[in-house]
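This report refers to the structure that appears directly beneath it.
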Amino acid sequence: MAGRDDLKLLGTWPSPFVTRVKLALALKGLSYEDVEEDLYKKSELLLKSNPVHKKIPVLIHNGAPVCESMIILQYIDEVFAGTGPSLLPADPYERAIARFWMAYVDDKLVAPWRQWLRGKTEEEKSEGKKQAFAAEEKSEGKKQAFAAVEILEGALRECSKGGGFFGGDGLGLVDVALGGVLSWMKVTEVLSGDKIFDAAKTPLLAAWVERFSELDAAKVALPDVGRLLEFAKAREAAAAPSN
């Protein structure tokens with residue numbers, strides 16, 4: 001990376017959205033300052049850098065903040081086009097297809113997965129919703145997440161064109177978008193007893209998981225599953241009703 005490029009990443013280590021950015025930076029071979037935020041006591045830098053949503057991740061490039069993980073990924077690929085592999089195709093149509101599947105990962109897999117993992121929101125808890133409602137929410141989230149995985153199996157078949165990744169022979173931003181949540185998916189498998197990427201049902205995705213996990217960038221950027229599992233259990237215990 002050129003010496004004039006100063007990169008600072010505001011985030012927290014368990015966040016799959018922060019992990020995405022770390023993956024892209026690692027794939028590009030970019031050095032950056034990793035700033036761990038306390039989301040219960042957000043720093044002035046975070047609040048100033050993302051005054052609208054006040055959320056992580058935020059990538060600060062030479063003092064200019066860029067927010068939202070999907071936007072940050074594309075920013076990194078465009079600004080550092082001459083550094084490391086290109087993560088979006090050169091062809092406009094193929095770029096559009098990649099952006100479609102990037103959005104699909106968030107809208108149709110990550111959103112219901114979070115519903116499956118968390119159940120009720122804090123607002124719903126404060127309104128006194130019954131536990132049956134939480135179970136129903138979790139069940140629906142699980143159903144939608146598994147449906148999305150099946151669709152992504154077909155997407156991988158089409159996008160890979162016989163290669164090992166959504167980007168073909170090399171990684172693309174769809175791989176990064178999905179790879180960012182991989183450690184959390186493994187934690188969910190442990191907590192739920194369900195196999196999300198089942199070799200019998202989605203063999204291409206199951207092979208993709210193994211292939212992705214062995215990448216140097218993944219080994220650097222993905223949070224340790226054991227540590228993440230302990231974090232999830234602690235958060236679950238803290239959220240449990242104290243009746």
Side-chain angles (χ1 to χ4, degrees), residues 13-24 26-27 69-70 73 87 97-119 137-233 235-236:
W13 72 268
S15 168
F17 307 106
V18 173
T19 299
R20 285 174 174 169
V21 180
K22 290 181 177 180
L23 280 166
L27 287 165
S69 66
M70 291 299 199
L73 296 184
L87 300 176
I97 295 299
R99 289 187 171 113
F100 172 88
W101 288 114
M102 286 169 64
Y104 185 90
V105 168
D106 267 1
D107 296 341
K108 301 301 183 181
L109 175 62
V110 176
W113 160 73
R114 295 177 79 179
Q115 180 180 315
W116 172 18
L117 192 64
R118 295 182 178 182
E137 287 283 283
K138 284 177 174 283
S139 178
E140 182 60 24
K142 174 181 174 180
K143 178 182 176 181
Q144 291 181 18
F146 272 101
V149 169
E150 291 185 12
I151 295 295
L152 286 169
E153 173 80 359
L156 178 57
R157 182 180 297 108
E158 293 297 321
C159 294
S160 66
K161 299 178 181 178
F165 300 98
F166 284 91
D169 291 328
L171 257 68
L173 286 188
V174 181
D175 297 283
V176 175
L178 184 58
V181 300
L182 188 54
S183 290
W184 268 113
M185 291 293 172
K186 292 179 178 180
V187 167
T188 306
E189 289 181 338
V190 175
L191 294 174
S192 68
D194 296 293
K195 187 68 174 176
I196 297 174
F197 299 113
D198 190 340
K201 296 179 180 178
T202 53
L204 295 180
L205 274 175
W208 174 89
V209 169
E210 297 301 321
R211 195 176 298 115
F212 187 92
S213 299
E214 289 302 312
L215 295 170
D216 289 340
K219 292 177 181 178
V220 168
L222 295 183
D224 178 73
V225 174
R227 184 186 178 195
L228 202 55
L229 179 60
E230 291 305 311
F231 171 83
K233 288 179 177 179
R235 188 175 65 180
E236 189 177 72

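Predicted model, so just to flag it, every value in this text is computed and none were measured. Nothing fancy with the numbering, it's 1 onward along the sequence.
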Taking C-beta and beyond as the side chain, do [X] and [Y] meet within less than 4.5 Å on heavy atoms?
X	Y	result
Arg235	Leu117	yes
Trp13	Asp224	no
Leu178	Trp208	yes
Asp106	Phe17	yes
Cys159	Val174	no
Phe166	Leu173	no
Leu171	Phe212	yes
Leu73	Arg20	yes

Looking at [X] and [Y], what are the two nearest heavy atoms and their distance?
X	Y	result
Leu27	Ala217	CD2-CB, 3.7 Å
Ala145	Leu109	O-CD1, 3.6 Å
Gly179	Leu222	O-CD2, 3.3 Å
Pro16	Val181	CB-CG1, 3.7 Å
Thr19	Pro223	OG1-CD, 3.6 Å

Does any N or O in the side chain of [X] come within less than 3.5 Å of the main-chain N or O of [Y], such that one atom is a donor and the other an acceptor?
X	Y	value
Gln115	Glu137	yes
Asp198	Lys195	no
Arg211	Phe165	no
Asp169	Gly164	no
Thr202	Leu205	no

Could you state the interatomic distance from [atom1] ([X]) to [atom2] ([Y]), rounded to the nearest 0.5 Å?
X	Y	atom1	atom2	result
Leu191	Trp116	CG	CH2	9.5 Å
Leu182	Asp175	CG	CG	11.0 Å
Leu228	Lys233	CG	NZ	12.0 Å
Leu152	Tyr104	CG	OH	5.5 Å

(message) Pair Glu214, Lys219 - check side-chain contact (heavy atoms from CB on, under 4.5 Å), show working.
(response) CA-CA 7 Å; Glu214 289 302 312; Lys219 292 177 181 178; 3.6 Å; yes
(message) Under the side chain to side chain donor-acceptor pair (under 3.5 Å) definition, can you give me all pairs with a residue in residues 176-194, not counting sequence neighbours?
(response)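 Applying side chain to side chain donor-acceptor pair (under 3.5 Å) to every pair that reaches into residues 176-194, excluding sequence neighbours, yields Trp113-Thr188, Lys142-Asp194, Lys186-Ser213, Ser192-Asp194.
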(request) Can you run down the side chain to side chain donor-acceptor pair (under 3.5 Å) pairs that involve residues 150-162, sequence neighbours left out, and say none if there aren't any? (result)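 Passing the test, one end in residues 150-162: Glu94-Lys161.
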(message) Applying salt bridge (Lys or Arg N to Asp or Glu O under 4.0 Å), can you list everything that pairs with Arg99, at least two apart in sequence or on another chain?
(response)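 Applying salt bridge (Lys or Arg N to Asp or Glu O under 4.0 Å) to Arg99 gives Glu78.
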(message) Surrounding CD of Glu236 (heavy atoms of other residues, nucleotides or ligands, distance under 6.0 Å), is the total greater than 12?
(response)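 Result for CD/Glu236: open.
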